[in-house]
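Worksheet for the structure shown next.
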Amino acid sequence: MSAPPTFKLDGREIPFQPGQTIMQAAQDAGAYIPHLCHHRDFAPIGSCKVCSVRIKGRTVTSCTMPASEGLEVESEAPDINADRQRLIQMLFVEGNHHCPFCEKSGNCHLQALGYHLGMHDTHFVHEYPQHVVDASHPDVLLDRSRCVLCELCVRASREVDGKNVFAIGGRGLKTELMINSPSGQLKDSAVAATDRAVSICPVGALMPKRHGFVIPIGQRPYDHADIAQKPEDS
Ligand code: SF4
């Protein structure tokens with residue numbers, strides 16, 4: 001059997017199967033490329049840009065770029081990580097991400113990426129958005145001001161739960177998660193706390209109710225491990 005084709009990621013040979021993206025091949029090889037809206041179970045949308053890498057001076061999203069033989073991909077360059085940090089800082093100021101009293105702290109990919117990228121402040125002026133919190137459902141809470149618009153719940157509800165409960169609507173800073181129900185509220189939707197759409201949320205925006213702090217602070221995945229050592233979806 002012939003050896004699989006390879007490309008180089010920061011000088012490391014990464015084998016890939018035809019049809020795989022750079023991100024998929026890197027994940028299969030155990031190489032971490034920072035990402036937020038990507039999840040290996042879903043088709044990529046290339047939205048958050050955190051997984052951007054450089055190939056021959058051109059910046060591309062690694063979750064959508066097909067792998068090909070002989071590519072030389074740069075990911076861990078200081079300027080690429082600086083750009084990633086700016087993206088994470090923008091997400092922090094566009095929402096209300098108050099980690100010390102968020103139930104998701106220690107298990108939040110936004111927070112973990114901030115740590116991973118060495119973020120010490122939020123750099124930009126905070127927007128303090130006034131999005132509506134939807135607490136209407138008996139078992140599920142949606143805090144839109146923590147939503148990073150990754151569309152993972154949109155994809156999971158449609159492709160795994162078979163319900164199509166969520167969509168992204170609005171423009172600019174008013175862009176937010178919409179609910180597909182007669183009232184526009186969770187209580188009139190088909191969502192359930194056990195849906196993949198709820199558990200896949202990488203931040204504290206969509207959460208089951210009455211499960212707060214089941215795992216104590218200090219014992220959560222990113223309280224001690226860097227997200228590169230404990231990526232969420234491998
Ligand atoms: Fe992503 Fe969570 Fe917002 Fe859905 S609610 S778009 S999963 S951050």
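For the single chain, residues carry numbers from 1 onward in sequence order. Order of listing sets the numbers, starting from 1, for every ligand and every atom in it.
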Atom 2 (Fe) of ligand 1 [closest protein heavy-atom partner, distance rounded to 0.1 Å] | Cys201 SG, 2.4 Å
Hey, is Arg146 close enough to Asp143 for a salt bridge, meaning N to O under 4.0 Å?
-> yes
What protein heavy atom sits nearest atom 1 (Fe) of ligand 1, and how far away is it?
-> Cys150 SG, 2.3 Å
Quick note on ligand 1: atoms under 4.0 Å from a heavy atom of Leu177 include exactly 5 (S)
Please could you name the atoms of ligand 1 that Cys153 approaches to less than 4.0 Å, counting only its heavy atoms?
-> 4 (Fe), 5 (S), 6 (S), 7 (S)
Heavy-atom contacts under 4.0 Å between Ala197 and ligand 1: side chain, backbone, both, or neither?
-> neither
So which bit of Val203 gets within less than 4.0 Å of ligand 1, heavy atoms only: side chain, backbone, both or neither?
-> side chain
Salt-bridge test for Asp83 and Lys49: reply yes if a basic N is under 4.0 Å from a carboxylate O, no otherwise.
-> no
May I ask you to decide whether Lys187 forms a salt bridge with Asp134, counting only side-chain N to carboxylate O separations under 4.0 Å?
-> no
When you check the gap from the basic side-chain N to the acidic O, do Glu76 and Arg84 get nearer than 4.0 Å?
-> yes
Verify the distance criterion only: is there a donor paired with an acceptor across the side chains of His38 and Gln27 at less than 3.5 Å?
-> yes
Could Arg196 and Asp41 be called an ion pair, given the rule that one side-chain N must be under 4.0 Å from one carboxylate O?
-> yes
What part of Glu151, side chain from CB on, backbone N/CA/C/O, both or neither, has a heavy atom under 4.0 Å from ligand 1?
-> backbone
Contact check, Cys37 vs ligand 1, heavy-atom distance below 4.0 Å | no
If you scan protein heavy atoms around atom 3 (Fe) of ligand 1, the nearest is Cys147 SG, 2.3 Å
Verdict with supporting geometry, His116 and Tyr222, ring pair (Phe, Tyr, Trp, His ring centres under 6.0 Å) = CA-CA 10 Å; His116 175 76; Tyr222 306 127; over 10 Å; no
